[in-house]
**Student:** 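Handing you this structure, nothing more for now.
Because the structure is a prediction, the values reported are computed rather than measured.
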Amino acid sequence: ALDARTGAVRWSQDLSKDKDAMAPFYGWATSPLLTGRCVIVQHAVKDKQAVACYDRDTGRVRWTAGKNEVWYQSPVLATLGGREQIVAADQKLIYGLDPATGATLWDHEHGGDGSPIGTGSIVPLVIEGDRVLIAPKNDSALLLRVSRKDAGPWGVESLWTSKGFRTSYSRPVYHGG
């Protein structure tokens with residue numbers, strides 16, 4: 001974090017050295033997400049964390065979530081089922097996290113192919129109707145619906161898979177339906 005007026009370093013984290021995080025083959029490529037007091041970063045600390053919230057003022061870890069490997073995935077902030085949450089994916093799961101605590105609200109195995117262009121670069125695209133579009137495989141996309149009835153459990157439903165829509169490392173755009 002830099003001071004906006006002077007450019008002086010306020011705090012920093014060397015993920016590989018300080019957190020024993022494993023840098024992917026092409027290096028760090030996740031896009032941090034700023035929400036509330038958190039700078040949300042996806043990084044892989046073996047069997048410990050896939051997502052971490054660093055305090056925006058101090059750099060101190062406020063919470064961590066997930067245990068699966070992360071490559072180039074980036075988290076997004078969304079409202080699904082009437083609740084604001086962080087939507088993130090790792091090599092096995094896509095999940096919704098409480099932004100304040102990191103608690104898992106829901107998760108779903110996405111069935112990814114393990115490739116850097118498929119599973120390794122998922123950036124969820126949240127669209128109207130509590131739907132989430134991801135491309136967990138190099139050759140196809142998957143549309144999910146995340147729902148919750150009243151205060152009951154969360155549900156995740158696969159709406160469709162299509163080989164007619166694929167991505168590379170870039171994120172798709174949703175426009176006008």
**Student:** Any donor-acceptor pair under 3.5 Å linking the side chain of Gln85 with the backbone of Leu80?
**Tutor:** yes
**Student:** Answer with yes or no whether the hydrophobic clustering places Val61 together with Leu33; edges join I, L, V, M, F, W, Y residues whose side-chain heavy atoms lie under 4.5 Å apart.
**Tutor:** no
**Student:** Are the side chain of Glu109 and the backbone of Ile94 linked by a donor-acceptor contact shorter than 3.5 Å?
**Tutor:** no
**Student:** Could you give the distance from CG (Leu77) to CD (Glu84), rounded to the nearest 0.5 Å?
**Tutor:** 4.0 Å
**Student:** Are the side chain of Asp113 and the backbone N or O of Asn138 linked by a donor-acceptor pair below 3.5 Å?
**Tutor:** yes
**Student:** Please determine if Asp3 and Arg10 form a salt bridge, counting it only when a charged side-chain N lies under 4.0 Å from a carboxylate O.
**Tutor:** no
**Student:** So, does Thr161 use its side chain to make a donor-acceptor pair with the main chain of Leu142 at under 3.5 Å?
**Tutor:** no
**Student:** Please give me the minimum heavy-atom distance between Ile86 and Ile40, naming the atom from each residue.
**Tutor:** CD1-CD1, 3.6 Å
**Student:** Which value, rounded to the nearest 0.5 Å, describes the distance between Cys38 atom SG and Arg62 atom CZ?
**Tutor:** 5.5 Å
**Student:** Which heavy atom of Gly7 sits nearest to which heavy atom of Leu2, and what is that distance?
**Tutor:** O-CD2, 3.7 Å
**Student:** Between Gln91 and Gly120, what is the shortest heavy-atom contact and its length?
**Tutor:** OE1-CA, 3.4 Å
**Student:** With a 3.5 Å cut-off and no angle check, do the side chains of Gln42 and Tyr72 form a donor-acceptor pair?
**Tutor:** no
**Student:** Closest heavy-atom contact between Trp71 and Ser115?
**Tutor:** CZ3-C, 3.6 Å
**Student:** Kindly compute the distance separating CG (Leu159) from CZ (Arg145), expressed to the nearest 0.5 Å.
**Tutor:** 4.5 Å
**Student:** Looking at Ala100, is its backbone amide N or carbonyl O close enough to the side chain of Asp98 to form a donor-acceptor pair, meaning the two atoms are under 3.5 Å apart?
**Tutor:** yes
**Student:** Between Tyr54 and Trp11, what is the ring plane arrangement, given parallel below 30°, perpendicular above 60°, and tilted in between?
**Tutor:** parallel
**Student:** When you measure from the side chain of Thr119 to the backbone of Gly114, do you find a donor-acceptor pair of N or O atoms at a distance under 3.5 Å?
**Tutor:** yes
**Student:** How long is the gap from CD on Gln73 to OG on Ser31, to the nearest 0.5 Å?
**Tutor:** 11.5 Å
**Student:** Could you grab the distance from atom CG of Asp130 to atom CZ of Arg83, nearest 0.5 Å is fine?
**Tutor:** 13.5 Å
**Student:** Under the criterion side-chain contact (heavy atoms from CB on, under 4.5 Å), I'd like the reasoning laid out for Ile127 against Leu143: C-alpha separation, chi angles, the key distance, then a yes or no.
**Tutor:** CA-CA 10 Å; Ile127 57 179; Leu143 185 66; 3.9 Å; yes
**Student:** Does any N or O in the side chain of Arg56 come within less than 3.5 Å of the main-chain N or O of Gly59, such that one atom is a donor and the other an acceptor?
**Tutor:** no
**Student:** As an exercise, state the distance from CD of Glu157 to NE2 of His108, rounded to the nearest 0.5 Å.
**Tutor:** 10.0 Å
**Student:** Is it true that a side-chain atom of Thr104 and a backbone atom of Trp106 form a donor plus acceptor pair closer than 3.5 Å?
**Tutor:** no
**Student:** Are Leu97 and Val123 joined in one hydrophobic group, where the rule is that I, L, V, M, F, W and Y side chains link up if heavy atoms are under 4.5 Å apart?
**Tutor:** no
**Student:** Closest approach of Leu144 and Ser158, non-hydrogen atoms and distance?
**Tutor:** CD2-CA, 3.8 Å
**Student:** Transitively linked via ILVMFWY side-chain contacts under 4.5 Å: Val9 with Val41?
**Tutor:** no
**Student:** Give the intermediate values and the outcome of side-chain contact (heavy atoms from CB on, under 4.5 Å) for residues Asn68 and Tyr95.
**Tutor:** CA-CA 12 Å; Asn68 297 315; Tyr95 35 82; 5.6 Å; no
**Student:** When clusters are formed by joining ILVMFWY residues with side-chain heavy atoms under 4.5 Å apart, either directly or through shared neighbours, do Leu93 and Ile134 land in the same one?
**Tutor:** no
**Student:** Give the minimum heavy-atom separation between Val156 and Asp107, together with the two atoms involved.
**Tutor:** CG2-O, 4.3 Å
**Student:** Does Val76 belong to the same Ile/Leu/Val/Met/Phe/Trp/Tyr cluster as Ile122, with side-chain heavy atoms less than 4.5 Å apart forming each link?
**Tutor:** yes
**Student:** Between Thr30 and His43, does the side-chain contact (heavy atoms from CB on, under 4.5 Å) criterion hold? Intermediate values first, please.
**Tutor:** CA-CA 8 Å; Thr30 187; His43 54 65; 6.0 Å; no
**Student:** Between Arg131 and Val126, does the side-chain contact (heavy atoms from CB on, under 4.5 Å) criterion hold? Intermediate values first, please.
**Tutor:** CA-CA 6 Å; Arg131 296 175 296 165; Val126 178; over 6 Å; no
**Student:** Kindly say whether Pro116 contributes a backbone atom to a donor-acceptor pair with the side chain of Ser121 at under 3.5 angstrom?
**Tutor:** yes
